[in-house]
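Let me begin by presenting the structure, written as structure tokens, before commenting on it.
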2 protein chains.
Amino acid sequence: MAQTAPEGAPQASGRLAASRLLDVAQAAGVSLRTASRVLNDDPRVAPDTRQRVQEAMLELRFEPDAMARSLRAGTDTAIGFVVESIADPFFAEVIDAVEQEMSRHGRPVLVTSTRRDPEWERDVIGRMMQRRVAGLLICPTSDDHSWLDTRRVPIVLIDRPAPGLSADLVEIDDHRAAFDAVAHLIAHGHRRIAYVGDTPAIPTSAARLRGYRDALAHHGIEVDGQLVHCECATSQAAAEAVSALIGGSRPPAAIPPAAIPPTAILSATTRASLGVVPALHSAGRTDIALVSFGDFPMADALRPAVTVVNHPGHEVGRAAAARLLARLGQPGLPVERIQLPARMIERGSGELRR
Amino acid sequence: MAQTAPEGAPQASGRLAASRLLDVAQAAGVSLRTASRVLNDDPRVAPDTRQRVQEAMLELRFEPDAMARSLRAGTDTAIGFVVESIADPFFAEVIDAVEQEMSRHGRPVLVTSTRRDPEWERDVIGRMMQRRVAGLLICPTSDDHSWLDTRRVPIVLIDRPAPGLSADLVEIDDHRAAFDAVAHLIAHGHRRIAYVGDTPAIPTSAARLRGYRDALAHHGIEVDGQLVHCECATSQAAAEAVSALIGGSRPPAAIPPAAIPPTAILSATTRASLGVVPALHSAGRTDIALVSFGDFPMADALRPAVTVVNHPGHEVGRAAAARLLARLGQPGLPVERIQLPARMIERGSGELRR
DNA sequence: CCTGGTCTTGCCATCGATGGCACGATCCGG
DNA sequence: CCGGATCGTGCCATCGATGGCAAGACCAGG
């Protein structure tokens with residue numbers, strides 16, 4: 001009987017003990033197994049027994065121990081989400097959507113960031129595996145994920161592929177979105193269109209750059225290397241690129257100015273836009289047409305309001321979560337690459353005519 | 001011997017079986033207990049035995065099962081984080097900081113959002129308790145948390161108190177920050193200063209409103225009710241409030257215009273600012289001084305650049321995480337209220353003279 | 001050579017829940 | 001009134017790791 005102990009006595013840790021299924025069973029005068037059946041809605045329980053047990057559960061405020069269940073099941077119900085940075089607005093949106101979708105299915109979400117450090121990434125993914133998470137959503141940082149094994153845990157990649165790993169991927173159609181944005185500018189009379197974006201070493205950025213080139217080519221416009229600034233990893237760098245492009249009043253020396261300035265700019269990342277927009281404004285060159293890849297809060301308060309290609313974080317998150325859930329229900333699904341369209345939001349800056 | 005089974009055979013689920021400590025022990029020719037000692041750096045193991053076990057661990061790619069450990073320990077190592085919305089930039093920043101701090105201590109973070117729904121909040125907190133999380137960080141949604149029990153699980157509140165619950169609280173000093181912001185405007189010659197913010201039913205908002213009133217009183221300025229719009233829960237509402245204040249060209253009918261318009265505005269939430277700023281710009285009234293409570297990406301690209309009171313999400317997150325860790329290490333700590341200063345970032349709009 | 005101590009190791013129970021199987025009771029048709 | 005099916009219930013083992021205790025090996029001192 002010493003077994004029955006709890007009766008409100010604090011444990012060693014000082015925590016209040018939660019009631020166990022065994023306590024419930026004893027209170028209801030049934031065996032542990034029967035209480036377990038009630039808990040799991042097993043039909044093979046007599047109605048009055050069921051009721052007695054349920055009353056005991058309420059009485060004792062019983063809450064099943066999720067970890068004990070997981071141990072038995074061999075896998076946690078939680079899923080792990082690995083991103084570069086949680087504070088990034090795009091990922092924050094993705095996380096939000098994933099969490100909503102997952103919690104509708106009773107699955108908690110473990111969120112962790114890699115801090116753009118490949119070693120740390122491997123570390124945190126390892127920790128997730130130790131927890132036996134049910135599945136993983138990963139936005140890859142490192143350029144080698146061959147050590148991961150999709151047979152060990154289902155994985156869905158987000159926003160970019162993971163070299164060396166064959167897994168589902170949910171991304172936006174970067175090539176097409178960039179292509180459309182440039183076509184949109186061309187349709188408004190522009191022929192000298194600049195590109196400001198991140199390094200093509202990132203597949204996502206590479207796709208956007210290709211979209212830019214292809215759109216120009218498709219309209220018979222030759223690409224002018226002077227108009228392409230594809231190593232702008234910071235908004236600072238993007239601002240400097242703009243100065244170089246428009247022959248800014250404060251030349252940053254390092255970058256030679258473009259011989260003939262552009263009449264329109266495609267800013268290929270939100271981070272770049274946060275540099276491009278101030279640069280254009282402070283140079284008084286708001287006459288230059290601009291399409292920004294990625295929305296930002298003040299985009300429609302500016303004059304002109306900034307036309308953007310919306311990076312639909314919520315939809316990406318929802319799709320990735322749905323895919324992972326599907327794979328959890330049916331492990332044998334073939335690997336799939338899901339490309340979501342990115343809608344353009346016309347606000348003015350992208351519709352300026354030459 | 002059937003026990004030893006795994007030898008790479010897939011389980012029922014189709015997953016690859018991970019090696020267990022028992023497998024390691026057998027491979028090293030020792031008992032399970034000894035292997036466990038090696039795993040936990042117990043000094044009472046002979047050096048050569050230790051090495052044999054460690055080699056076996058590497059050989060079999062052994063990874064301890066975090067859940068089995070947690071079950072034994074009675075509590076998960078993970079901590080739970082409950083916020084209103086993950087996509088909110090402020091909370092995204094807080095989450096980012098918390099995750100960094102926690103993962104430095106090897107603690108995973110379960111993130112979940114309440115969607116501003118008190119029932120859902122109770123639900124998700126309940127689920128966290130079922131997982132026996134080590135601790136909880138909560139930004140309360142509901143106005144009654146008396147059902148929560150800090151003796152059951154350590155709790156640190158973030159950004160606002162939880163009525164009915166006595167727990168540590170980490171917040172910024174809203175009263176003081178608002179007071180300072182208004183004093184700043186007064187110092188620049190303003191006496192008719194408007195307030196645009198959220199409902200005082202939210203303690204945080206109430207403190208800001210008090211700071212506003214107190215600063216005016218402190219400088220012998222009477223509060224004009226017509227200048228106070230404290231029911232603006234959306235940027236839409238904030239924009240309409242501005243129209244009313246300045247006798248906008250497009251009056252939203254419902255709100256009577258102020259008799260004498262303000263020369264300065266304190267926008268008390270980021271959300272409000274996202275309405276106030278566009279409204280001022282489209283009305284061409286950028287001559288009105290403005291201080292925004294809460295920074296936003298484009299604040300310094302606007303003209304004039306917007307002076308803000310920075311809501312230091314990273315610091316709040318770091319402080320909350322540190323406090324929870326401290327409480328985990330030492331459960332008996334007295335309940336504490338930690339107020340962080342909010343720094344003002346002068347950019348121009350708040351320094352406009354009357 | 002024996003005794004008491006340290007060092008190393010192993011057995012068993014335990015955390016909280018669930019799966020497999022078996023047992024007793026009830027019910028039905030023959 | 002009996003045999004087999006069905007229903008409700010309980011016992012035991014199990015998931016993977018750790019805590020308590022004790023046993024065996026080995027050493028030094030008397």
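To find a chain, count down the sequence lines: A is the first, B the second, and so on, and within it residues start at 1.
- A:R69 comes within contact range of the sugar-phosphate backbone alone, with a heavy-atom separation under 4.0 Å but no base atom that close.
- To the nearest angstrom, P of C:dC12 lies 14 Å from CG of B:L22.
- In this structure, the side chain of A:S70 engages the main chain of A:A66 through a donor-acceptor pair within 3.5 Å.
- Rounded to 10°, the angle separating the first-five-pair axis and the last-five-pair axis of the helix from C:dC1-D:dG30 to C:dG30-D:dC1 equals 50°.
- Nearest heavy atoms, A:T77 versus A:A134: O-CB, 4.0 Å.
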What are the atom names and distances for every N/O pair under 3.5 Å that joins the protein to nucleotides 7-10 of chain C?
unit_1	atom_1	unit_2	atom_2	d
C:dT9	OP1	B:T49	OG1	2.3
C:dT9	OP2	B:A46	N	2.9
C:dG10	OP2	B:S31	N	2.8
C:dG10	OP2	B:S31	OG	3.1
C:dG10	OP2	B:T34	OG1	2.6
C:dG10	O6	B:R37	NH2	2.6

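- A:M67 has its CE atom 14 Å from the P atom of D:dT18, to the nearest Å.
- Rounded to an integer number of Å, the gap from CD of A:E63 to P of C:dG16 is 14 Å.
- Across the protein-nucleic acid pair, B:D23 atom CG and D:dA17 atom P stand 9 Å apart, rounded to whole Å.
- When the side-chain nitrogen and oxygen atoms of A:S36 are compared with OP1 and OP2 of C:dT18, one or more of them lie within a distance under 4.0 Å.
- Spacing between atom CG of A:D65 and atom C1' of C:dG16 amounts to 6 Å, rounded to whole angstrom units.
- In this structure, B:L71 reaches the bases: a heavy-atom distance under 4.0 Å links it to at least one base atom across the strands shown.
- Computed from coordinates, the B:N40 CG to D:dG19 P distance equals 7 Å when rounded to whole Å.
- Remark: side-chain polar atoms of A:R132 are paired, donor with acceptor, to backbone N or O of A:M129 under 3.5 angstrom.
- Rounded to whole angstrom, the span from the CG atom of A:D42 across to the C1' atom of C:dT18 amounts to 11 Å.
- For B:E336, the CD atom counts as densely surrounded, since its 6.0 Å shell holds more than 12 non-hydrogen atoms of other residues, nucleotides or ligands.
- Looking only at distances, no side-chain donor or acceptor of B:T112 sits under 3.5 Å from a matching main-chain atom of B:V82.
- When every heavy atom of B:F62 is checked against every heavy atom of B:R20, the shortest pair comes out as CE1-C, 3.5 Å.
- Whole-Å rounding puts the A:R20 CZ to C:dT14 P distance at 11 Å.
- When atom types are taken as modelled, the side chain of A:S36 and the backbone of A:L32 share no donor-acceptor pair closer than 3.5 angstrom.
- Exactly one residue among B:R131, B:R152, B:R127 makes a salt bridge (Lys or Arg N to Asp or Glu O under 4.0 Å) with A:E63. That residue is B:R152.
- Looking only at distances, no side-chain donor or acceptor of A:T49 sits under 3.5 Å from a matching main-chain atom of A:V45.
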